Amino acid sequence: MANSFEIITSAHIDPPTNRKVRRVLLAGEVVFASLQGALPPSGFVSQAPRDAQGGLAVHFMKNAPKVHVSIDQRLCKVPRMRCALALDGYLAWGLGERRKGIVVLLGGAESEHSTHVSILAFSGGKVSELDEKVLPPATATYFRDALASMVGELRLKYPTAHFVQAAPLPDWALEGVEYLGEKPLRGLSFRSIALRGPSRHVAPALVYAGIGALGMSFYAAAITTGWNRYDRAVAAYGKAVADPAIEGRGGIDTGFLSVAGARRVFMESPRRQAVLVEKAEAVVRGIGSVPGVQIVEMKLLSQAVRAPQTPAAGVVEESPQQEQQRRSLAADRTADVAISLSVPRAKEPAVNQAQSVMAQIAAHTGMSLRLTHQGWREDKETRTFRIEGFFHD
């Protein structure tokens, strides 16, 4: 498969008009993709949005999550060139993956001047994150350092995720990262670039009607099967309770069953000590990855210990505006963690240095941070900042 097409990462560096190969795989800066529908850069042509969630149910959702895709318009000027997007292969593989938990896929392509890395996080059968990183070329002496830094940030963000890497990137032999090779790219279709992509992918109403009828038939069958199982379970329970041996001992004590159920829920719920350790470890790891910053003191306050929250199935990811509004609420509540930090004294004012340090820590921990009132002191060599942090579960 590697010899059946050519890879284009930049229409400027790799002019497609100079190529004789008419089957090309697009990756890197010639493709702009976004989950939030952000406006593409000037000179890009919108294509049909891709599904960001798998399954038949996505066709009946009013606001189904989509991956919005645009392509460099210079590629449209090349006659008889047929293209496929590496992104389409990654989406098809990730949405079809059935392993539990979060899966983070590293895709993209290398060029002579840079390394483009596409980062896709899949969770619960849908795309939860889509990002693009540009690293130095693989021949650069500092490439491995930049790569290690990027992967380290992702592991902090997704500590329990399963990491995979896909072609056309080569196998970087990263510890704990499974190399898929060309598996996600198999079955890609090479087509001409659509100048008005969305109109070419609108399914006829009859197709949706057929899907709806099929879905309703499956729904009815599932409801009938479930009800029959419930009916049989009730009958079996009544027969067991009516056993003379049980009735002779006073019957079934439903109060005892309720207490036993409550005990089981308590035993399966996360322990306060475990939550404390996990939160403290995450904060320390994040701060420790910021150069020059040392922790003098850290206190996790009582409200920081909350049961982990998991999003309900089928909930659409919040918009950037909603996320900003949620994080702004930090100013109206008590802090979750209080931290004293020591840093080398910079030439800039203390407030400016504090803002720079907090921005780096926020990027590595996911917390919102603020400097306390008169929250710094300094000597000739160091500055100590007192900051407060807010978790966003």
Side-chain angles (χ1 to χ4, degrees), residues 36 38 114-115 117 119 129 131-136 140-159 275-306 318 320-393:
Q36 288 78 27
S114 59
T115 302
V117 182
I119 303 170
E129 181 182 357
D131 197 6
E132 185 86 12
K133 298 289 185 181
V134 180
L135 302 181
T141 56
Y142 54 96
F143 168 74
R144 299 299 299 191
D145 293 334
L147 177 62
S149 177
M150 181 195 73
V151 175
E153 291 182 5
L154 290 173
R155 291 192 187 280
L156 285 175
K157 190 172 185 179
Y158 301 105
V275 176
L276 266 175
V277 171
E278 291 176 0
K279 288 187 177 293
E281 183 180 3
V283 173
V284 171
R285 280 203 313 263
I287 297 177
S289 61
V290 180
V293 178
Q294 295 183 350
I295 300 176
V296 178
E297 182 182 19
M298 183 179 75
K299 292 182 179 179
L300 281 173
L301 307 180
S302 59
Q303 64 272 13
V305 186
R306 295 188 292 268
E318 63 183 355
Q321 293 80 4
Q322 291 172 323
E323 181 181 3
Q324 183 179 3
Q325 181 180 9
R326 173 173 59 81
R327 291 180 180 272
S328 67
L329 296 177
D332 301 324
R333 79 175 206 236
T334 307
D336 296 319
V337 58
I339 312 170
S340 294
L341 304 173
S342 176
V343 299
R345 180 173 178 176
K347 294 182 180 180
E348 60 183 341
V351 174
N352 294 349
Q353 185 179 10
Q355 291 176 344
S356 175
V357 170
M358 288 191 295
Q360 296 180 69
I361 295 175
H364 286 80
T365 62
M367 293 192 299
S368 296
L369 299 168
R370 70 183 179 195
L371 190 66
T372 62
H373 179 62
Q374 296 181 347
W376 76 85
R377 66 177 186 272
E378 60 186 16
D379 53 33
K380 293 182 179 181
E381 297 182 354
T382 63
R383 280 177 174 153
T384 301
F385 297 115
R386 294 190 299 275
I387 63 177
E388 295 177 338
F390 303 84
F391 296 118
H392 302 286
D393 294 329

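Values in this document were obtained by computation on a predicted structure and should not be read as measured data. Just the heavy atoms: all of them, side chains too, but no hydrogens, waters or symmetry mates, feed the values below.
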>> Apply side-chain contact (heavy atoms from CB on, under 4.5 Å) to residues V337 and M367 and explain how you reach the verdict.
In response: CA-CA 10 Å; V337 58; M367 293 192 299; 3.8 Å; yes

> Hey, mind stepping through R383 and R345 against side-chain contact (heavy atoms from CB on, under 4.5 Å) and telling me if it holds?
Replying inline: CA-CA 5 Å; R383 280 177 174 153; R345 180 173 178 176; 3.8 Å; yes

> Checking salt bridge (charged side-chain N to carboxylate O under 4.0 Å, His left out) for the pair R285/E281: CA distance, chi angles, key distance, verdict?
Replying inline: CA-CA 6 Å; R285 280 203 313 263; E281 183 180 3; 3.1 Å; yes

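Note: I361 CD1 to I339 CD1 = 6.5 Å, rounded to the nearest 0.5 Å. The CZ atom of R155 sits 10.0 Å away from the CE atom of M150 when rounded to the nearest 0.5 Å. Taken to the nearest 0.5 Å, the CE atom of M298 stands 6.5 Å off from the CD1 atom of I287. Within the model, atoms OG of S342 and CD of E297 stand 13.0 Å from one another, a figure rounded to the nearest 0.5 Å. With rounding to the nearest 0.5 Å, the separation of CG in D131 from CG in L154 is 8.5 Å. Rounded to the nearest 0.5 Å, atoms CH2 (W376) and CG (L341) are 15.0 Å apart.
A donor-acceptor pair under 3.5 Å links the side-chain atoms of Q353 to the main chain of P344, judged by distance alone. Side chain of T115 to main chain of P136: a donor-acceptor pair is present (N/O by atom type, distance under 3.5 Å, no hydrogens or angles). Put simply, the side chain of R386 gets close to the backbone of Q374: a donor and an acceptor are under 3.5 Å apart.
The closest side-chain heavy-atom distance from P291 to Q360 is below 4.5 Å.
Considering all non-hydrogen atoms of both residues, G286 and L156 come closest at CA-CD1, 4.4 Å. Heavy-atom minimum distance, V134 versus S114: CG1-CB, 3.9 Å.
Residue Q294 places its CD atom among 12 or fewer non-hydrogen atoms of other residues, nucleotides or ligands, all under 6.0 Å distant.
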